[in-house]
Amino acid sequence: MKHELDPKFSFETNVLEAGAYFSHPASDPEALPIHMSTAHNVEDVADLLQRYKEGDYCYNRNRNPNRNALAELVAYTEGGEAAISCSAGMAAISTAIIALTKAGDHIISDKTIYGESNEVFTDILGKYGVETSVIDCTNLDEVKAHLKPNTAVIYTETVGNPLCNVADLKALSELAHSVGALLVVDNTFMTGALARPLELGADLEVISLTKFANGHSDAVTGAIVGPADLVKKCHNIQVVLGTQADPFSSWLTCRGMRTMKLRIEQQDKNAQALAAALEKSPYVKNVFHASLESSPYHELAKAQFNGHYGGMMTIELPEEEDYDAPTSKFNKFMRTCKLAHYAMTLGGYRTTFSYPPHSSHDNLTREQRYAIGITDSMLRFSIGIENTEELVADILNALEVAYGNN
């Protein structure tokens, strides 16, 4: 649509029309353009209805070229038939679960997942008649014991947050389907570069693209991926709730994802090297990473993820009286690290760490955290793409400075 300027109109009118549309075709650009427009004009009602029929662009909340491009990219990387792009990982989780449940339904959710995920199930959906059992999804007997005729969803993560536990996705899928439930898997920590939950039996996948997929700590987005019919149900809810990704964040995430395989494989390599080194350190009580043969999840993760284990790990350091005190060895260790930095996120190209009691699981009491194994002396690491030897040496040095007898 392009209208010629009418000289009879005033300056204040024509200044709105001049340059409002491209004068020449702008097709096939080398880099994906950003479509920030909140709406796309139509000629008349007939044109409007035709766009509705074809799923073309009219209003940003329903569809946007950048959001659709991101959905197409995510559907490919995660191996799904269709996808939608969301405003955050939590938007993807809440949209999917709302679309798949109703009053009277029952959810089984893993106890060691991102704290706010379970907060959606228990605190929010619980008010509307949806019951949630928060259990250990790595214990298949416990899952069986909690299955009910009204179980609608089993929800877990490919790698748990923050204890890096690994559930048997094929077995969970079979259990879910035995009662007509759906298996929903959060693949944020692994992404489609390292794990394919849908190929392992998951019915729907949610992912925070903010993290490893985008990898540059500059855009907040999420996605829901799976069969077209389930994704359509989620899209219908998304349009009403307004949980869609904005054009610029979608564009940034598309750009970030082009290099995801290169980044994530290096992060996986670095994490394996660091886990092996930290397991030998006299200052580290426990290392939670499935690459270690001492991990109870090693063999399952090795088979399920084709020899990959992901770039996330958690370590448990010596116990202290006050971890919050500036004088604690715990804080001295963090301050001494030169290559790793504290960040309230994960998955970026630099190595970062966070403190679960004050971040991912700050919604739980101390007693609740300890009940699921998250202690006060834990530090969660998101491994970056630094030189492997330099990263390992830097963290070992910081441990020596903080905890050594010097």
Side-chain angles (χ1 to χ4, degrees), residues 93-94 96-126 128-190 195-207 224-227 230 233 288 290 295-305 309-310 361 364 367-374:
I93 293 164
S94 57
I97 297 300
I98 290 172
L100 299 179
T101 59
K102 63 183 185 304
D105 281 346
H106 172 241
I107 297 171
I108 291 176
S109 179
D110 196 282
K111 65 181 182 179
T112 54
I113 61 173
Y114 183 52
E116 290 181 356
S117 299
N118 274 330
E119 200 170 342
V120 169
F121 308 155
T122 57
D123 295 358
I124 298 176
L125 291 181
Y128 301 100
V130 177
E131 178 193 4
T132 299
S133 299
V134 180
I135 65 170
D136 180 3
C137 283
T138 68
N139 185 333
L140 296 178
D141 289 333
E142 189 172 348
V143 176
K144 288 179 188 176
H146 283 83
L147 284 173
K148 300 181 179 183
N150 63 331
T151 300
V153 169
I154 295 179
Y155 184 93
T156 191
E157 298 172 338
T158 42
V159 174
N161 184 357
L163 298 180
C164 298
N165 48 296
V166 179
D168 188 330
L169 299 185
K170 286 184 178 179
L172 286 179
S173 172
E174 292 172 0
L175 288 174
H177 297 162
S178 71
V179 294
L182 300 175
L183 175 62
V184 179
V185 178
D186 183 333
N187 197 28
T188 296
F189 278 12
M190 297 295 279
R196 293 295 186 94
L198 295 171
E199 294 177 3
L200 294 169
D203 297 285
L204 203 66
E205 181 186 315
V206 293
I207 180 170
I224 302 171
V225 194
L230 291 182
K233 286 182 67 173
F288 299 85
S295 168
Y297 311 110
H298 176 71
E299 292 302 324
L300 173 61
K302 183 179 180 179
Q304 192 162 257
F305 307 140
Y309 305 93
H361 290 77
L364 302 181
E367 291 72 24
Q368 289 172 323
R369 282 192 291 100
Y370 270 74
I372 60 177
I374 303 174

Least distance between heavy atoms, Pro197 atom then Thr158 atom
CG-CG2, 3.6 Å
State the OG-CG distance between Ser173 and Asp203, to the nearest 0.5 angstrom.
6.0 Å
Please determine which of Ile135, Val179, Thr156 meets the side-chain contact (heavy atoms from CB on, under 4.5 Å) test together with Ile108.
Ile135
4.5 Å side-chain heavy-atom contact, Val225 and Asn187
no
Between Val130 and Ile97, is the side-chain contact (heavy atoms from CB on, under 4.5 Å) condition met? List the steps.
CA-CA 10 Å; Val130 177; Ile97 297 300; over 6 Å; no
Run Leu163 and Ile372 through side-chain contact (heavy atoms from CB on, under 4.5 Å) and show every step you take.
CA-CA 9 Å; Leu163 298 180; Ile372 60 177; 5.7 Å; no
I'd like to know whether OH of Tyr128 has more than 12 heavy-atom contacts from other residues, nucleotides or ligands below 6.0 angstrom.
no
Looking at residues at least two apart in the chain, or sitting in another chain, which of them share a side chain to side chain contact (heavy atoms under 4.5 Å, CB included) with Leu140?
Ala171, Leu172, Leu175
So, taking the atom named OG1 in Thr112 and the one named NE2 in His361, what distance separates them when rounded to the nearest 0.5 Å?
7.0 Å
Note, Asn161 side chain near Ile113 side chain (heavy atom, < 4.5 Å):
no
Measuring from Leu169:CG to Leu198:CG, what's the distance to the nearest 0.5 Å?
10.0 Å
Look up atom NE2 in His146 and atom CD1 in Ile154, then write down how far apart they are to the nearest 0.5 Å.
11.5 Å
Which side-chain hydrogen bond (donor to acceptor under 3.5 Å, both in side chains) pairs, counting each pair once, include a residue from residues 113-122, with sequence neighbours left out?
Ser109-Asn118, Tyr114-Glu116, Glu119-Asn363
Between Thr138 and Asn165, do the side chains contain an N or O donor and an N or O acceptor separated by less than 3.5 Å?
no
Under the side chain to side chain donor-acceptor pair (under 3.5 Å) rule, collect the residues that match up with Gln368, sequence neighbours excluded.
Thr365
Can you find a pair of side-chain heavy atoms, one from Tyr155 and one from Asp186, that are under 4.5 Å apart?
yes
Mind checking what makes side chain to side chain donor-acceptor pair (under 3.5 Å) contact with Glu174, not counting sequence neighbours?
none
Do Val153 and Phe121 make a side-chain contact, defined as non-hydrogen atoms from C-beta onward lying under 4.5 Å apart?
no
Return the set of residues passing side chain to side chain contact (heavy atoms under 4.5 Å, CB included) with Lys148 (not counting sequence neighbours), or none when no residue passes.
His106, Glu131, Asn150, Thr151
Side chain proximity check, Leu125 to Asp105, heavy atoms < 4.5 angstrom:
no
Roughly how far, to the nearest 0.5 Å, is the CZ atom of Arg196 from the CD atom of Glu205?
8.5 Å
Could you grab the distance from atom CG of Asp168 to atom CG of Asn139, nearest 0.5 Å is fine?
12.0 Å
Donor-acceptor pair, Gln304 side chain versus Ala195 backbone, under 3.5 Å?
no
Mind checking ring-ring contact (aromatic ring centres under 6.0 Å, His included) for Phe189 and listing every partner two or more places apart, or none if nothing turns up?
none
